[in-house]
Amino acid sequence: MAFSPSSSSPSTQHLHFLHQLTSIISTDELKQPLPLPSFLKSNSLPRILSISANLADAQSFLAGVDNPTSLLTYSTVLRSLCRSSDKNLVVTSMVVYKEMLGKGIRPDNFTFPSLLKVFANSRALRAGEVLHSHILKLGLDADVYVINNLMSLYAVCGEIGSTKKLFDRFPERDLVSWTTLITGYKKAGFPKEAVQVFVQMMNENLRADGMTIAAVLSACAELGDLQLGRSLHKYVDVHKLDSDVFVGNALVDMYSKCGHIDSAYKLFGKMPVRNIVSWNSMILGFVEIGEFSRALQLFRQMQCEGVQPDGFTLTGVLNSCASLGALDLGRWVHAYISRNGIRGDGIIGNALVNMYAKCGRIDQARKVFDEMSHKDVYTYTSMILGFAMHGRGEDALELFADMLRIGVKPNEVTFVGVLAACSHAGLVDVGLRFFENMSIEYGVTPQIEHYGCVVDMLGRAGLLEEAQEFILSMPVEPDAFIWGSLLGACKNYSEVALGETIMKQLVELEPDKEGAYVLMSNLYASSNRHDDGYRIRKTMRMNKVRKTPGCSLIEVEGIVHEFRKGDKSHPQAKQIYAMVDEFADRLKMLLSDKECHHHSERLAIAFGLISTKPNMPLRITKNLRICDDCHNVIKSISELYDREIVVRDRYRFHHFKDGLCSCNEFW
DNA sequence: TTGTCATGCT
């Protein structure tokens, strides 16, 4: 060990330490002028420094021309440093520490915690190890603050074994040591061990405080252990820790991750103090389980209470807008981002592209895309998927080529987009080539989704036999999506016999789901075999097959209205139904199936027509695939009422205008 | 002087 405080002179120490330092950070870094530590710029100058008349004095002070015995000065400086947001903090603190040693000042137990914290924040493990050796040499390894900070450093650097060793060998460990170990295990990816440590701690009759509980709760959330979570909640109540915002947030997150969103929400409602973490946890908790309307509702409440959203909130909101087709709110978020100078690159930009694409504004998505200076695989993939959903296969492929040219590596989702684009554009050969090359050329192994895309592609093109052969040759078991997509193709090409075979497979896989029955009954209908269709519907009723209720959304003046088939709960239900009946009257010629008259998309369109200005395009988001009947009716509505109607169904966009649809009957 | 909560894009 080079550094020996008792025997070496200050200058020898200096040299040895310099040697150690340079092995950790490059000499170039050390030669660079010391960046001005930001604590010198702030108002919170350490008292001993604020006496300095100006910054230059302070700098020269730091440069080492001052009083060589002021240990307190250096410790204070180091402590201020560890709170600063200086980017070169590790180097800066090392240089200050080095100067201190150079002056022959012997660090004490107050010096190390802040230094260790800086290194921990930057995951500077090697630098931390050097400090550890200094600590041992100085005999400061019996100080609880020093040891706790060392433990923490090793934990965040992934050296949980060293953390545990320190903990085990340290007799004076306190509540902070226990909490540090718990957090360490959790952060290192061992939530189970974190909980075990907590149990052991309680068995030793130590009393957990809010910080400990928050730490265990986060491990508990990761484990999804509701039972433990509830007993921790009880502990919180008994020990009156519920006013602690950290504890509250940890409880909200725990309930949300354990699948009890309503308990989380109830707790959130009762929190005496909330911060941005509380709001984000709750909003993103709703997003996580697909409760987008509730996420947006909560976001509105957050706005009303004057809480400023951050980037995380906004991506959650954009995500919800994308799912619901809530274009107005999405645009508001876009404006908010611009107004507040929030960087539109990166995740937020990607979320914006996705939102515009999913809300039917593919042009706007492209605009945001083009304006982004940094584009990554998410950016390209969002845009490619957007084009695919809009049936713009060539645009998608062109973008894919751009992406390769620029050197952005496609991943498995990109290929879903590329194959879907080929499928929707009828580019079978091109698509098959991509599929064959994706693993060899791009290192992306095809997964079931990709096989599904190929089946879909072949099926749409009417290559039903090829599709069937392809399924049989797949190295993975076909799932319900694959069979469903082939059955859909049978429907398009009125292939009753093949359809019947596939339906059997599908019913076996998902006996209680409607998909197979609905497709088959449509297939019979399209082949004029109405009796068979009726038989299928009867079987469905008898087998109590569960139906996913059709649901359509339309946003009017920033509010998303939801309609379900036959639903009369809307305040304007009377006018809406009058309008729907008007459709039926005026479109009699189409001989539409009565069953479909009150389909959710018709209700949404009727509401849109009576509540928006004449030239406004209507944008509908539907959870299922549009049925043939409604597809025909909407085409006629677009002509009769002279409205552009954009419908996003489960699979793609339909832009209806002047009696035509952008999908060219191909969906 | 030390330890606590959460999170985003395809």
Side-chain angles (χ1 to χ4, degrees), chain A residues 75-76 78-79 82-83 108-117 120 143-153 155-156 163 173-184 186-187 208-222 241 244-254 256-257 271 274-285 287-288 309-320 322 345-355 357-358 372 375-386 388-389 410-418 420:
Chain A
S75 289
T76 316
L78 287 169
R79 198 160 59 247
C82 87
R83 288 193 210 102
D108 68 0
N109 53 330
F110 285 83
T111 318
F112 287 104
S114 31
L115 267 174
L116 288 166
K117 206 175 169 188
D143 184 90
V144 67
Y145 289 91
V146 172
I147 292 298
N148 288 344
N149 274 295
L150 255 182
M151 281 174 56
S152 196
L153 175 114
V156 299
T163 305
R173 59 204 185 191
D174 61 2
L175 183 61
V176 177
S177 323
W178 284 93
T179 309
T180 306
L181 187 62
I182 291 168
T183 315
K186 152 84 207 326
K187 291 205 168 139
D209 65 4
M211 290 193 181
T212 320
I213 293 296
V216 191
L217 275 169
S218 108
C220 172
E222 197 169 321
L241 299 171
D244 180 334
V245 69
F246 279 84
V247 171
N249 291 345
L251 278 172
V252 166
D253 184 54
M254 180 278 293
S256 158
K257 293 237 168 80
M271 282 172 74
R274 293 177 203 144
N275 59 18
I276 185 73
V277 175
S278 329
W279 288 96
N280 285 353
S281 300
M282 204 59 239
I283 291 175
L284 295 167
V287 172
E288 182 66 29
D310 65 5
F312 290 101
T313 330
L314 297 177
T315 37
V317 171
L318 283 173
N319 204 351
S320 307
D345 272 20
I347 292 176
I348 292 202
N350 295 342
L352 274 174
V353 170
N354 177 47
M355 181 279 292
K358 292 246 169 77
M372 284 172 70
K375 302 181 180 74
D376 61 12
V377 61
Y378 289 100
T379 327
Y380 277 98
T381 303
S382 304
M383 199 64 225
I384 289 171
L385 280 167
M389 283 187 87
N411 65 17
E412 63 282 358
V413 188
T414 319
F415 276 101
V416 171
V418 168

Check your understanding: Ignoring hydrogens and angles, are the base of B:dG3 and the side chain of A:Ser177 linked by a donor-acceptor pair under 3.5 Å?
Key -> no
Review point. Listed by chain and number, what are the side chain to side chain contact (heavy atoms under 4.5 Å, CB included) partners of A:Lys375, not counting sequence neighbours?
Key: A:Phe369, A:Met372, A:Thr379, A:Tyr380
Check your understanding: Are more than 12 heavy atoms from other residues, nucleotides or ligands located less than 6.0 Å from atom CD of A:Glu288?
Key -> no
**Study point:** Heavy-atom donor-acceptor pair, A:Asp209 side-chain to B:dG3 base, under 3.5 Å
**Key:** yes
Practice item. Identify whether any heavy atom of A:Lys375 sits under 4.0 Å from a base atom; if not, whether one sits that close to sugar-phosphate; answer base, sugar-phosphate or nothing. Key: nothing
Check your understanding: Across the strands shown, which category fits A:Asp376 at heavy-atom distances under 4.0 angstrom: base, sugar-phosphate, nothing?
Key -> nothing
Review point. Which nucleotide, B:dT10, B:dT2, B:dA6, lies nearest any side-chain atom of A:Lys186?
Key: B:dA6
**Study point:** Phosphate OP1/OP2 of B:dA6 contacted by A:Ser218 side-chain N/O (<4.0 Å)
**Key:** yes
Practice item. Using a cut-off of strictly less than 4.0 Å, decide whether A:Asn280 has a side-chain nitrogen or oxygen near OP1 or OP2 of B:dC5. Key: no
Exercise for review: Flag as yes if A:Tyr380 stacks onto the base of B:dT10 (centroids under 5.5 Å, planes under 30°), otherwise no.
Suggested key: no
**Study point:** Check: A:Val377 main-chain N/O paired with A:Thr381 side-chain donor or acceptor under 3.5 Å
**Key:** yes
Exercise for review: Kindly write out the residues that satisfy side chain to side chain contact (heavy atoms under 4.5 Å, CB included) with A:Thr180, not counting sequence neighbours, or none if the list is empty.
Suggested key: A:Met151, A:Ser152, A:Val176
Review point. With a 4.0 Å cut-off on heavy atoms, is A:Ile348 in touch with a base, just the backbone sugar-phosphate, or nothing at all?
Key: base
Practice item. Could you tell me whether the side chain of A:Asn149 has a donor or acceptor atom within less than 3.5 Å of a complementary atom in the base of B:dT2? Key: no
Review point. Under the 5.5 Å and 30° test, is A:Tyr145 stacked on the base of B:dT2?
Key: no
Review point. For A:Phe246 and B:dC5, do the ring centres fall under 5.5 Å apart while the planes stay under 30° apart?
Key: no
Practice item. Could you work out which one of B:dT4, B:dC5, B:dG8 sits closest to the side chain of A:Met211? Key: B:dT4
Check your understanding: Side chain of A:Thr180, base of B:dG3: donor and acceptor closer than 3.5 Å?
Key -> no
Practice item. Please answer whether the main-chain N or O of A:Thr212 pairs with a side-chain N or O of A:Asp209 as donor and acceptor at a distance below 3.5 Å. Key: yes
Exercise for review: Would you mind classifying the nucleic acid contact of A:Ser281 as base, sugar-phosphate or nothing, using non-hydrogen atoms under 4.0 angstrom?
Suggested key: sugar-phosphate
